[in-house]
Number of protein chains: 4
Amino acid sequence: MHDMQETTADRKSEHIDVVLQKDVRAKGITTGFERFSFDHVALPELNLDAIDLSCELWGRSLRSPLLIGSMTGGTESARTINLHLAEAAQELGIAMGVGSQRAAIEREDLAVTYQVRRVAPDILLFANLGAVQLNYGYGLDQARRAIDMLEADALFLHLNPLQEAVQPRGDRDWRNLYDKIAQLVHQLDVPVIAKEVGNGIDATTARRLAECGIAAIDVAGAGGTSWSEVEAYRQSDPLRRHVAHCFAGWGIPTALSLQLVRHAVPDLPVFASGGIRTGIDAAKAIALGAVLVGSAAPVLSAAIDRPQAVRDKFAAIAEELRIAAFCAGAGSLARLRNTPLRRTDTWESI
Amino acid sequence: MHDMQETTADRKSEHIDVVLQKDVRAKGITTGFERFSFDHVALPELNLDAIDLSCELWGRSLRSPLLIGSMTGGTESARTINLHLAEAAQELGIAMGVGSQRAAIEREDLAVTYQVRRVAPDILLFANLGAVQLNYGYGLDQARRAIDMLEADALFLHLNPLQEAVQPRGDRDWRNLYDKIAQLVHQLDVPVIAKEVGNGIDATTARRLAECGIAAIDVAGAGGTSWSEVEAYRQSDPLRRHVAHCFAGWGIPTALSLQLVRHAVPDLPVFASGGIRTGIDAAKAIALGAVLVGSAAPVLSAAIDRPQAVRDKFAAIAEELRIAAFCAGAGSLARLRNTPLRRTDTWESI
Amino acid sequence: MHDMQETTADRKSEHIDVVLQKDVRAKGITTGFERFSFDHVALPELNLDAIDLSCELWGRSLRSPLLIGSMTGGTESARTINLHLAEAAQELGIAMGVGSQRAAIEREDLAVTYQVRRVAPDILLFANLGAVQLNYGYGLDQARRAIDMLEADALFLHLNPLQEAVQPRGDRDWRNLYDKIAQLVHQLDVPVIAKEVGNGIDATTARRLAECGIAAIDVAGAGGTSWSEVEAYRQSDPLRRHVAHCFAGWGIPTALSLQLVRHAVPDLPVFASGGIRTGIDAAKAIALGAVLVGSAAPVLSAAIDRPQAVRDKFAAIAEELRIAAFCAGAGSLARLRNTPLRRTDTWESI
Amino acid sequence: MHDMQETTADRKSEHIDVVLQKDVRAKGITTGFERFSFDHVALPELNLDAIDLSCELWGRSLRSPLLIGSMTGGTESARTINLHLAEAAQELGIAMGVGSQRAAIEREDLAVTYQVRRVAPDILLFANLGAVQLNYGYGLDQARRAIDMLEADALFLHLNPLQEAVQPRGDRDWRNLYDKIAQLVHQLDVPVIAKEVGNGIDATTARRLAECGIAAIDVAGAGGTSWSEVEAYRQSDPLRRHVAHCFAGWGIPTALSLQLVRHAVPDLPVFASGGIRTGIDAAKAIALGAVLVGSAAPVLSAAIDRPQAVRDKFAAIAEELRIAAFCAGAGSLARLRNTPLRRTDTWESI
Ligand SMILES: Cc1cc2nc3c(=O)[nH]c(=O)nc-3n(C[C@H](O)[C@H](O)[C@H](O)COP(=O)(O)O)c2cc1C
Ligand SMILES: Cc1cc2nc3c(=O)[nH]c(=O)nc-3n(C[C@H](O)[C@H](O)[C@H](O)COP(=O)(O)O)c2cc1C
Ligand SMILES: Cc1cc2nc3c(=O)[nH]c(=O)nc-3n(C[C@H](O)[C@H](O)[C@H](O)COP(=O)(O)O)c2cc1C
Ligand SMILES: Cc1cc2nc3c(=O)[nH]c(=O)nc-3n(C[C@H](O)[C@H](O)[C@H](O)COP(=O)(O)O)c2cc1C
């Protein structure tokens with residue numbers, strides 16, 4: 001059995017199981033959003049019902065600047081999950097990503113497990129491939145197929161060096177990827193967004209990705225789901241498991257990564273994800289400059305269940321965000337983006 | 001039953017029950033007073049028995065600069081509470097507020113549940129209305145009735161946007177209130193004080209309230225009773241309960257709000273409340289510039305019991321305040337107000 | 001019974017019982033010594049056996065700069081305690097104070113419970129009176145009797161405003177004491193040292209005491225025994241007990257008080273006490289400028305037991321101090337006093 | 001029995017037992033590495049398999065800059081431990097030290113318990129003697145014998161003043177050692193490295209050791225094994241045990257000592273040890289300037305067991321170091337050494 005070649009779909013299925021059954025949260029590190037607070041505005045001069053959180057991105061209208069994070073595909077249950085996520089996204093008017101589409105590139109019959117346009121005709125929908133695959137035979141053709149199979153609006157290229165490093169048979173050669181990303185970006189006619197998967201993006205990487213023509217960056221910082229933790233639980237070898245667990249506190253906290261990236265590439269749209277758990281986190285992310293705020297793991301169990309459960313989770317986040325904006329005196333995303341935060345330790349305004 | 005229109009009095013009664021039975025304290029946030037300490041004065045050059053904490057405000061003499069916070073009215077048990085609070089206030093020579101008088105504006109026969117002048121002829125007594133009601137049909141007439149029914153010395157206009165936002169059927173339109181407040185202030189012949197209910201007041205709001213002619217501001221900051229927590233426990237819908245609980249750490253810590261408001265409107269009297277639990281907290285609030293220091297929730301259960309229990313609670317706070325002033329070398333409120341505090345983390349004097 | 005006039009000796013006896021049976025340590029405040037550390041010197045260039053911790057003060061030679069804090073007198077068991085403390089002090093060559101001698105001033109036959117010169121002919125011995133007694137009939141005569149009955153080398157005048165404030169029938173008039181202290185100091189021919197009892201001395205008080213001609217200051221700061229806690233446990237009235245407990249965190253941390261006083265009156269000898277528990281604390285106190293370091297409560301139970309137990313406690317502190325000096329590269333008190341400390345939080349040298 | 005002269009070998013054997021059976025970790029102090037983090041590099045532009053952690057030191061090639069800390073010798077079981085450590089070191093291409101060779105200097109037949117060249121012909125191997133022995137009859141002759149018996153590449157002179165101070169019959173005269181070290185260094189033809197044993201090296205000591213011609217410094221800072229804790233457990237006298245335990249938090253945190261030494265003697269190679277537990281710690285140590293990173297206690301129980309267990313422990317550290325370098329975007333030690341760290345509290349880059 002151990003000799004059998006593990007398929008990409010098997011791996012995605014194991015990931016789901018581990019995330020649902022183990023504590024895969026980062027340890028010894030937090031998102032950093034708890035370091036900031038809004039000054040409450042006791043007289044907001046707003047109509048709460050008229051708070052406008054809508055925005056437009058790449059031709060799609062969103063009712064809230066929220067994103068259901070890229071998670072799955074490739075198996076029958078993944079198909080159900082994706083459909084449930086998509087129904088909720090459609091109902092709430094928010095964006096959604098699917099998990100890495102490698103399984104469907106390898107086996108075309110698995111494409112159906114990713115396809116959600118039928119139930120979500122209007123959402124901003126993201127295709128997903130691993131950037132490192134560009135070093136392992138992937139290129140323009142595969143990217144186009146990933147986008148087309150989804151009728152996606154944009155493509156997430158995920159960057160997951162730590163996950164690859166701690167998993168058995170991970171892809172270990174990360175050289176020359178900037179050139180290949182730049183080439184791909186220029187050949188594709190949809191926006192390409194670089195995202196991490198839970199360890200964040202630093203200033204230099206942001207600058208170089210911007211030079212490649214990347215349309216946006218999703219920081220996917222540390223403090224939420226830790227992919228070294230997920231891979232640790234998938235390891236049978238105790239030594240390799242130990243090594244993986246070691247990195248539970250690795251990465252750039254989401255709030256810090258957001259600040260670093262915003263400062264490094266002020267003109268590039270930035271998404272915030274990684275450990276976003278409430279609409280208050282989301283509001284702080286927006287005040288720190290994010291245009292879209294994503295959350296993944298917390299919605300997974302709901303997604304297996306039924307679309308209403310997903311909708312409730314994200315409706316709660318949207319409502320918290322709305323109330324946070326209201327109590328911060330911000331009637332729109334534009335206003336929220338210009339609302340100063342205060343450091344909770346020194347009480348200094350930033 | 002659920003369809004029945006909940007009355008304002010019902011709501012006030014539920015509030016009392018929740019505050020008594022649940023843990024409605026703010027979570028993940030503190031008043032911030034623990035960040036400061038007095039330099040102990042080992043040789044105070046004072047007669048402890050002669051420490052003078054008396055002050056005058058709007059024609060009333062207070063023996064201590066203390067305020068029993070606005071809480072209730074509208075039901076039979078609220079009436080008892082208010083009478084007990086008032087007896088204690090009269091005996092101790094401190095100020096008192098009643099809860100929002102909306103119930104009695106809606107049903108005149110409920111006025112009696114707020115009326116305490118009979119037992120408290122000499123106290124500084126505050127009427128109470130929600131500022132947002134000015135957007136929902138209230139105006140000069142209602143304000144006058146609130147004041148007159150109490151023979152009040154002044155009117156608290158409370159600002160509670162978070163509470164309104166998280167409660168079912170809360171008042172959600174907070175536009176144009178500054179103008180209406182300004183108008184009301186100029187028409188009334190008693191001082192009008194703006195107060196929050198546990199999330200604090202920021203610098204800008206303070207400045208704009210001052211421009212409206214407000215006579216004082218009660219910061220009612222974060223760190224004590226959390227009204228989103230109270231409303232959370234009143235919610236039957238789990239999603240809305242979740243949303244409300246999310247805000248348990250929202251707001252401006254009382255000590256910070258006090259500093260912000262003092263700095264923004266140095267000439268306006270400021271009251272400190274929200275999480276004041278001891279006379280040492282009160283002394284720090286005064287050193288940070290407060291003219292009156294209020295406390296609400298801790299005295300509630302005592303107030304149901306008997307006036308002596310209320311008196312004991314506030315007598316303890318007054319005695320702690322007196323001893324704190326003594327050991328800080330301050331023989332009067334004026335001296336206490338000029339006593340520097342020290343940051344407990346850096347040991348720097350402020 | 002409650003009506004009976006409590007005698008001073010009764011009170012001292014109750015103090016001992018409370019300190020032994022209750023947790024009377026300060027709460028929510030520490031000495032602050034944990035904020036500092038020595039840079040370890042891996043090659044100290046010293047002979048550990050030759051480390052010289054001896055010093056001279058007011059004509060007495062000490063083998064270590066240690067002081068057994070003022071504690072008791074007035075009862076039979078206090079007499080035993082004082083004799084045990086004195087035997088240990090004599091054996092170790094360290095200083096000692098007795099408790100307030102008011103009991104023996106009131107009843108001359110109690111003098112014997114304080115007298116230890118027979119067993120401790122060579123020690124630096126401190127008489128003890130409350131400074132506030134100067135407002136209650138005490139003066140030169142009583143001070144002389146206190147010193148003479150002990151054959152003391154110096155007199156501690158203790159300042160305990162918080163203790164007086166929270167105890168029933170405490171002495172509450174602290175006015176005009178500076179003048180009386182100045183007068184007493186000039187009339188007496190032994191050095192007079194002002195000491196607190198666990199809440200510390202601030203800069204202004206230090207400066208004014210220095211102007212009175214005080215020979216030294218013992219900061220007796222916060223972080224060790226709390227006298228409001230002791231008095232809390234002696235209160236039967238729950239309200240007054242509550243008030244007293246409130247002050248468990250009041251005062252200036254010993255390490256901070258030491259810094260403030262050293263800076264305010266750089267030429268005055270300063271003693272450090274209040275929460276000193278190890279020779280490492282003592283070493284830090286000396287590095288911060290103390291000439292003598294005292295400890296009281298930890299030795300109390302040993303003192304009831306037998307002199308050897310006291311000796312062991314202080315011998316341990318002396319040995320820890322010696323080793324700390326050695327590992328800080330300081331072969332003498334003079335060198336230790338010039339050894340920089342480092343802040344444990346920022347790692348900055350002070 | 002107590003009168004019998006404890007032999008050096010007995011002592012070493014007791015040390016092993018205590019370290020295995022008691023909690024001898026430092027308390028109330030940490031290495032300080034947790035105060036720093038790397039900025040994760042989401043696109044490292046590296047081939048993980050080609051990350052080059054090899055280095056050369058004094059003619060020996062290392063595959064990783066790791067060092068199995070000096071621990072033991074002198075007994076039969078120590079011989080087994082040393083052989084197991086050496087086999088692992090040889091297999092992994094890392095360095096190794098043996099414990100103090102005093103036992104074998106005293107009794108030549110014990111030399112065999114230290115000799116590991118047979119199983120580790122290629123490793124960088126360190127002899128070990130206590131520097132203070134130079135004050136107790138040791139000199140060039142003993143140093144040469146220690147080096148020769150091991151066919152060592154270099155000699156560790158350990159500095160352990162705290163351990164000597166708290167142990168019974170410890171060596172207490174640490175005067176004039178600099179001169180003797182300088183003389184020894186100039187007479188020997190192998191590099192001599194000064195090391196602490198768990199309390200760190202400060203700036204001044206580093207500078208003076210450099211002036212002696214020392215070839216490198218191993219900071220062996222605080223936060224890992226505490227030798228006062230080890231000695232505490234070897235004490236039967238409760239007072240002396242108490243004194244020893246007092247120093248559980250003494251010393252300079254490893255990360256701080258590393259910074260102090262690097263700054264004081266920028267041209268001298270520095271080793272980091274003391275509490276290094278993971279390859280991430282090791283990576284941070286290298287980023288702070290260390291050329292070699294050592295770990296001792298964690299491998300002890302493995303070493304009694306079998307060489308594979310040791311190899312697994314250090315292979316894990318090496319793999320973690322490799323992955324940390326990869327995710328910090330550093331393909332070589334030289335690059336890692338130039339990688340900035342960030343303070344986890346202020347988020348400032350250093
Ligand atoms: C079960 C699961 C599967 C995931 N699979 C992918 C993936 O295939 N591609 C990707 O870019 N990110 C993937 N992610 C990462 C998320 O998109 C997100 O960046 C990360 O989980 C941090 O967000 P969180 O803390 O809200 O979970 C996955 C996350 C989860 C929980
Ligand atoms: C049971 C209860 C009812 C309250 N009702 C009112 C009210 O009607 N109007 C108002 O302005 N504040 C009301 N408050 C808020 C208090 O006046 C005060 O601002 C807040 O509780 C913070 O103070 P605390 O932490 O001391 O409780 C109420 C508080 C409590 C505990
Ligand atoms: C039982 C007991 C009795 C004390 N009595 C006196 C006293 O009579 N006079 C005085 O100046 N200080 C008295 N003190 C205070 C101590 O001298 C010392 O300042 C204080 O306890 C802080 O030191 P510690 O934390 O080491 O106990 C007493 C302390 C204790 C524990
Ligand atoms: C069992 C044991 C014995 C040791 N013996 C020696 C020794 O003989 N000579 C020496 O220089 N250091 C000795 N050390 C100290 C280590 O080399 C190292 O400096 C210290 O333990 C800190 O590293 P650690 O926290 O990784 O254990 C010993 C450590 C251990 C655990």
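Keep in mind the model is a prediction, meaning the values are calculated, not measured. Throughout, protein chains are lettered first and strands after them, A, B, ... in sequence-line order, and every chain is numbered starting at 1.
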Looking at Ala50(D), is its backbone amide N or carbonyl O close enough to the side chain of Arg172(A) to form a donor-acceptor pair, meaning the two atoms are under 3.5 Å apart? no
4.5 Å side-chain heavy-atom contact, [X] and [Y]:
X: Asp39(D); Y: Leu260(A); answer: yes
X: Pro253(A); Y: Trp347(D); answer: yes
X: Ile280(D); Y: Trp250(A); answer: yes
X: Leu162(A); Y: Ile323(D); answer: yes
X: Ser257(A); Y: His40(D); answer: no

Pick one of side chain, backbone, both or neither for Arg342(D), based on which atoms fall under 4.5 Å of a heavy atom in chain A. side chain
Part of Asp345(D) lying under 4.5 Å from any heavy atom of chain A: backbone
From the list Glu196(A), Arg240(A), Arg35(A), His242(A), the residue making the most non-hydrogen contacts under 4.5 Å with chain D is Arg35(A)
Rounded to the nearest 0.5 Å, what's the gap from [atom1] on [X] to [atom2] on [Y]? Could you check?
X: Leu43(D); Y: Leu209(A); atom1: CG; atom2: CG; result: 6.0 Å
X: Ile29(A); Y: Ser37(D); atom1: CD1; atom2: OG; result: 6.5 Å
X: Cys246(A); Y: Glu319(D); atom1: SG; atom2: CD; result: 11.0 Å
X: Cys327(D); Y: Gln163(A); atom1: SG; atom2: CD; result: 11.0 Å

Looking at His263(D), I want to see if its NE2 is surrounded by more than 12 non-hydrogen atoms of other residues, nucleotides or ligands under 6.0 Å. no
Could you tell me whether Arg25(D) atom CZ has more than 12 heavy atoms of other residues or ligands within 6.0 Å of it? no
Closest-packed option against chain A by number of heavy-atom pairs under 4.5 Å, given Glu34(D), Glu45(D), Lys313(D): Glu45(D)
Nearest heavy-atom approach of Leu159(A) to Ala42(D) is CB-O, 3.5 Å
Any idea which heavy atoms bring Leu48(D) and Ala165(A) closest together, and the distance? CD2-CB, 3.5 Å
Is Glu164(A) in contact with chain D via its backbone, its side chain, both, or neither, using a 4.5 Å heavy-atom distance? neither
